[in-house]
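Read the numbers this way: they start at 1 and go in the same order the structure lists the ligands and their atoms. The model shown is predicted, which means the values in this text are computed figures rather than measured ones.
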Amino acid sequence: MNMTTGVETLLDRVDVEAVADALADQGWVVLPALLPLDQVRELRKQAQAQWDAGEFHAAGIGRGQELNVNESIRTDQVQWLERAASGALADYQHFIEDLRQNLNRLLYLGLFEFEAHFAVYPPGAFYKRHLDNFRGTSARLVTAVLYLNEDWRESDCGQLRFYTDGSDGGEYIDIFPHAGTLVLFRSARFWHEVMPARRERFSMTGWLRERGNTF
Ligand code: OGA
Ligand code: MN
């Protein structure tokens, strides 16, 4: 609850201790419909406007000086986000900040900051099997993927194929990119891939990072 306005916040919609336990024990958790539809729509509209204006660019592997565009690995397009002052993006960023502090308090993770981008996968686009933090080479500790697609059907494909046993292949679950669903996982532990979709697929991917490394 926001103490000044009495309005429900995103944090009220989450059992933070259960999320922390899941991240500590199994290393990942899926929160279906975390974001209310009006907030999903606002974020989608913002991403859509930037997409329509041609502001996205081919996604790289890494960031900054390490940026490396490799179309055999991923063919999505991204737009990095700045801190928002108000609206759905600001609400989401506040939620992530609350989550960051709670995870540090409960799990001593040393999460220091959050970086995020919108991503669009045009029909047929993919991101092959990868780790977000390969052998601890980046500061990314926890990945947060939020989906912005209303009326997504399993026949649209585009699922996140998430390898639950921590191996490169092996047992997996498929997570479809339904509006408002948030997936959290330990960035260095889980191989995952984005399967090609039949429709444009919008998401926001972010990482809680430790202090230090630049990418
Ligand atoms: C990523 C990623 C997953 C998804 O951006 O690193 O794996 O489902 N995204 O969009
Ligand atoms: Mn990834």
Side-chain angles (χ1 to χ4, degrees), residues 23 27-35 40 43-44 46-48 50-51 56-64 66-81 92 96 114-150 152-154 156-170 172-209 213 215:
L23 286 174
W28 58 275
V29 63
V30 180
L31 303 172
L34 166 71
L35 233 71
V40 173
L43 289 174
R44 169 68 180 236
Q46 182 180 340
Q48 186 82 51
Q50 292 177 341
W51 173 248
F56 281 59
H57 51 269
I61 316 297
R63 207 186 167 179
E66 306 287 339
L67 188 75
N68 214 329
V69 173
N70 183 340
E71 289 188 353
S72 64
I73 296 179
R74 65 188 298 189
T75 57
D76 57 322
Q77 304 255 334
V78 303
Q79 165 77 325
W80 288 94
L81 291 161
Y92 181 69
I96 292 286
F114 183 63
E115 60 173 3
H117 60 54
F118 283 133
V120 175
Y121 290 71
F126 56 82
Y127 193 164
K128 296 262 172 74
R129 198 149 76 216
H130 65 281
L131 287 173
D132 285 353
N133 179 352
F134 190 71
R135 297 198 184 118
T137 52
S138 89
R140 292 170 174 175
L141 295 182
V142 175
T143 302
V145 193
L146 175 70
Y147 297 113
L148 305 176
N149 309 289
E150 269 185 74
W152 196 272
R153 297 159 187 235
E154 299 203 352
D156 295 323
C157 304
Q159 66 270 44
L160 170 63
R161 183 155 289 177
F162 186 85
Y163 294 86
T164 49
D165 61 2
S167 71
D168 177 6
Y172 64 78
I173 56 166
D174 278 344
I175 300 160
F176 286 85
H178 296 299
T181 293
L182 177 68
V183 185
L184 297 169
F185 60 91
R186 304 288 284 264
S187 306
R189 293 236 310 255
F190 297 96
W191 291 84
H192 55 283
E193 63 189 303
V194 180
M195 311 305 284
R198 301 212 160 92
R199 290 167 54 189
E200 259 177 8
R201 175 192 195 271
F202 280 67
S203 58
M204 185 198 301
T205 303
W207 296 272
L208 285 161
R209 299 155 39 104
N213 282 324
F215 101 100

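Sequence neighbours left out, not one pair with a member in residues 177-192 passes salt bridge (Lys or Arg N to Asp or Glu O under 4.0 Å).
Using a 4.5 Å heavy-atom threshold, the side chains of Gln79 and His117 count as separate. A heavy-atom distance below 4.5 Å is not found between the side chains of Asp168 and Leu131.
Classification of the His130-Tyr127 ring pair by plane angle, with boundaries at 30° and 60°, yields parallel.
Put simply, the residue from Val194, Asp156, Asp76 that forms a side-chain contact (heavy atoms from CB on, under 4.5 Å) with Arg201 is Val194.
To the nearest 0.5 Å, the span separating CZ on Arg153 from CZ on Arg198 amounts to 12.0 Å.
Of all protein atoms, those of element N, O or S that lie under 2.8 Å from the Mn ion (ligand 2) number 3.
With sequence neighbours excluded, no residue forms a ring-ring contact (aromatic ring centres under 6.0 Å, His included) with Phe114.
Listed as neighbours of ligand 1 are Tyr127, His130, Asp132, Val145, Tyr147, Leu160, His192, Val194, Arg201, Ser203, Thr205, Trp207, each bearing a heavy atom under 4.0 Å from the ligand.
A donor-acceptor pair shorter than 3.5 Å can be found between the side chains of Glu193 and Tyr163.
For the pair Arg129 and Trp191, the cation does not sit on the ring face, since its NZ or CZ is not both under 6.0 Å from the ring centre and inside 45° of the axis.
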